[in-house]
*Asks:* 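Structure incoming, see below.
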2 protein chains.
Amino acid sequence: MDVRRLELLRELAERGSVTEVARATHRTPSAVSQQLRILEREAGLPLTEKAGRGIVLTDAGRALARSATDVAVAISRASALWDEFRNDPTGEVSLATFPTGGQMLLPGTIRRLDAVGGLILHASDRDPESDDFPGLTADFDIVLAHTASPAATNWPAHELAAVKLMTEPLDIALPPGHPLASKELLDPEDLIGERWIGVPWGYPFERTIHDISAAAGSPMNVVQRFGDTRVTEAFVAAGLGIAILPCYTAGGAYRSEIVLKNLRGVVAERHIFALMRPDRAERLAVRTVVDALRAEADAVVAANEHRNPPRA
Amino acid sequence: MDVRRLELLRELAERGSVTEVARATHRTPSAVSQQLRILEREAGLPLTEKAGRGIVLTDAGRALARSATDVAVAISRASALWDEFRNDPTGEVSLATFPTGGQMLLPGTIRRLDAVGGLILHASDRDPESDDFPGLTADFDIVLAHTASPAATNWPAHELAAVKLMTEPLDIALPPGHPLASKELLDPEDLIGERWIGVPWGYPFERTIHDISAAAGSPMNVVQRFGDTRVTEAFVAAGLGIAILPCYTAGGAYRSEIVLKNLRGVVAERHIFALMRPDRAERLAVRTVVDALRAEADAVVAANEHRNPPRA
DNA sequence: ACGTCCATGTAGGGACTCTACAGCGACGCC
DNA sequence: GGCGTCGCTGTAGAGTCCCTACATGGACGT
């Protein structure tokens with residue numbers, strides 16, 4: 001019935017507790033509870049049930065919450081339409097990113113947006129280890145996320161809008177004096193017996209290292225695990241092991257002390273996406289930022305293709 | 001921004017005046033005017049302009065009104081979803097129909113709906129001559145309309161939901177003693193020189209009579225024009241001319257005094273539709289009525305096919 | 001047993017939107 | 001041209017609705 005109450009139910013479905021919804025919507029828990037109660041009375045059937053200290057949605061509640069998304073999308077679309085009429089993509093957009101994504105894309109994106117003007121982008125980076133990136137879409141308009149294989153993500157595909165920004169190859173990073181540094185292309189078998197600087201459990205590259213093991217027919221020897229590529233690069237530069245790194249961002253302060261080599265026989269790449277709640281994806285300001293991100297991503301790919309032509 | 005205000009703008013787009021919107025939404029014109037003013041301030045650009053005593057929408061206003069339809073559809077859909085959860089297609093549904101459509105379909109439809117229970121259908125008939133049937137969708141949930149050629153209607157296709165109910169053949173009605181009454185099938189040429197009991201200008205059958213003239217190569221001689229088929233039937237029964245009549249409803253009190261003949265060489269049929277505003281079409285109660293109408297229409301067609309097998 | 005956390009009631013204040021009434025320009029009729 | 005009608009808009013006030021502040025009560029952990 002009432003749209004604002006439906007919206008509240010949707011927030012509850014995403015955040016899971018009255019208190020969280022209250023905080024996100026700048027209300028007291030009491031206000032949220034009252035509105036949900038009214039909604040439940042209107043609906044004529046229970047939407048929530050108690051679960052320990054908190055509450056959980058019933059099946060009916062979840063179904064209604066899902067339909068609330070469609071309502072929110074329609075409203076956002078209407079709102080965007082009249083922003084278009086004023087030709088006015090003004091507003092504030094919040095964005096969360098993993099560190100290397102922000103490093104690679106955001107400066108150029110901001111420069112592109114400044115050329116348009118009137119749009120404020122609040123960006124911040126998140127720890128890939130501790131944060132649930134799809135879940136961040138509840139609090140950020142745009143979330144940059146990466147995955148080794150889009151098909152294998154557990155992203156709720158129909159609850160989230162996902163825009164592909166780019167595919168970035170993953171390269172093998174070696175110290176300059178390493179015996180393999182003279183080879184043009186590396187094969188998985190070359191890497192047997194090497195000491196690896198890996199990533200924490202659950203990181204996207206983990207899967208790629210696993211694929212290399214499978215292709216080589218021998219497990220890889222991961223001796224260190226770092227989430228921050230700067231640490232990984234320092235270790236590789238110091239000759240303490242080899243690593244897998246995204247090729248457009250790898251190097252940094254150590255660019256002269258690290259050699260990057262392509263790998264054949266294994267699909268080694270990461271896919272970078274912009275994730276959004278579908279209603280937020282409709283906002284004109286958000287769409288403008290996503291367009292800038294896509295343009296910047298294309299530019300980064302083009303610049304690197306030029307330096308480093310595509311492999312077979 | 002605000003859904004209720006958007007809805008008001010949509011009503012204004014359909015009804016064309018603040019006073020009409022106020023009447024339809026049970027408000028004072030002042031309230032409507034105030035809300036539109038607020039919406040205009042929020043939109044940041046003029047949505048209406050003065051035109052004589054009244055106002056008209058600007059291009060921007062019309063565009064916003066159109067997007068308001070999508071919002072209304074999403075809300076109706078959400079509302080219907082939870083009616084489905086309660087398995088409760090309760091509510092009141094209003095319906096307007098042309099007379100022969102109501103005569104043919106409504107008694108059976110009501111009987112079907114009574115079997116479900118809890119649903120109240122308010123039906124009324126409208127004069128096909130004086131009423132704008134698509135426009136009636138502003139005031140009725142369902143409007144039954146007929147047309148000789150669906151492609152040639154001026155119905156605003158994307159603003160209205162149209163559900164095809166049935167196609168009804170149009171037959172030539174003759175007095176029993178008429179020379180043509182002995183023929184199995186009539187050809188357009190047979191009808192040259194006959195006196196016709198026609199329909200008022202603008203009625204659907206008018207087009208069919210025109211097609212017959214074209215096929216016969218000679219204009220038909222329309223001497224009387226009646227909107228009500230009972231008058232037409234009385235004239236035919238009295239031997240005062242021939243007419244074209246929808247075959248499932250023709251006859252009535254005069255069934256024994258009228259002969260119906262199929263016509264070949266001309267597409268003589270009318271198509272019966274249920275027209276609805278798209279948001280209303282989503283309501284569960286409305287969908288239930290439409291389903292009953294479709295079932296009844298199919299039954300009518302089947303019953304008549306049985307009596308009168310399909311022609312070549 | 002006690003503190004904490006979370007949801008939910010109650011009372012009251014504030015914002016919003018409606019009605020009643022009046023004003024004003026446009027149109028048409030005489 | 002005067003005058004009545006029609007339609008939109010402004011102002012003041014009343015009613016409704018929603019939110020905050022505060023209190024209550026159940027669930028969990030120590």
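The basis for the numbers below is simple: all heavy atoms, side chains too, and nothing from hydrogens, waters or symmetry mates. Every chain is numbered from 1, with letters handed out A, B, ... down the list of sequences.
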*Asks:* Atom NE2 of residue position H210(A) - does it have more than 12 heavy atoms of other residues, nucleotides or ligands inside 6.0 Å?
*Replies:* no
*Asks:* Using a strict 4.0 Å threshold on nitrogen-to-oxygen distance, state whether E11(B) and R27(B) make a salt bridge.
*Replies:* no
*Asks:* In whole angstrom, what separates R27(A)'s CZ from dC6(C)'s P?
*Replies:* 19 Å
*Asks:* Under a 4.0 Å heavy-atom cut-off, which of residues 38-45 of chain B touch DNA chain C?
*Replies:* none
*Asks:* With a 4.0 Å cut-off on N to O distance, would you call R10(A) and E7(A) a salt bridge?
*Replies:* yes
*Asks:* So, do R225(B) and Y203(B) sit near enough that their side-chain heavy atoms are less than 4.5 Å apart?
*Replies:* no
*Asks:* How many whole angstroms separate atom CG of D2(B) from atom C1' of dT17(C)?
*Replies:*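 Computing the D2(B):CG to dT17(C):C1' distance gives 11 Å.
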*Asks:* Can a salt bridge be assigned to the pair D139(B) and R15(B) using a cut-off of 4.0 Å between side-chain N and carboxylate O?
*Replies:*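 Judged by the 4.0 Å cut-off on N to carboxylate O distance, D139(B) and R15(B) do form a salt bridge.
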*Asks:* Chain A on DNA chain D: first and last contacting nucleotide, 5' to 3', under 4.0 Å to a heavy atom?
*Replies:*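 Contact span on the strand: dC18(D) to dC28(D).
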*Asks:* Do the side-chain N or O atoms of R4(B) get closer than 4.0 angstrom to the phosphate oxygens (OP1, OP2) of dC18(C)?
*Replies:* yes
*Asks:* Take nucleotides 7-12 of chain C nucleotide by nucleotide from the 5' end and write B, S or -, depending on whether a protein heavy atom sits under 4.0 Å from the base, only from the sugar-phosphate, or from neither.
*Replies:* SBBB--
*Asks:* Hey, is R62(A) close enough to E159(A) for a salt bridge, meaning N to O under 4.0 Å?
*Replies:*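 Salt bridge flag = no for E159(A) with R62(A).
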*Asks:* Distance check, rounded to the nearest 0.5 Å: S79(B) atom OG versus E42(A) atom CD?
*Replies:* 9.5 Å
*Asks:* So do E14(A) and R277(A) actually touch side chain to side chain, heavy atoms under 4.5 Å?
*Replies:* yes
*Asks:* Tell me, yes or no, whether the heavy-atom count around R86(B) atom CZ, taken from other residues, nucleotides or ligands under 6.0 Å, exceeds 12.
*Replies:* yes
*Asks:* Hey, what do you get for CZ (F273(A)) to CG (L165(A)), rounding to the nearest 0.5 Å?
*Replies:*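 Reported value, rounded in 0.5 Å steps: 8.5 Å.
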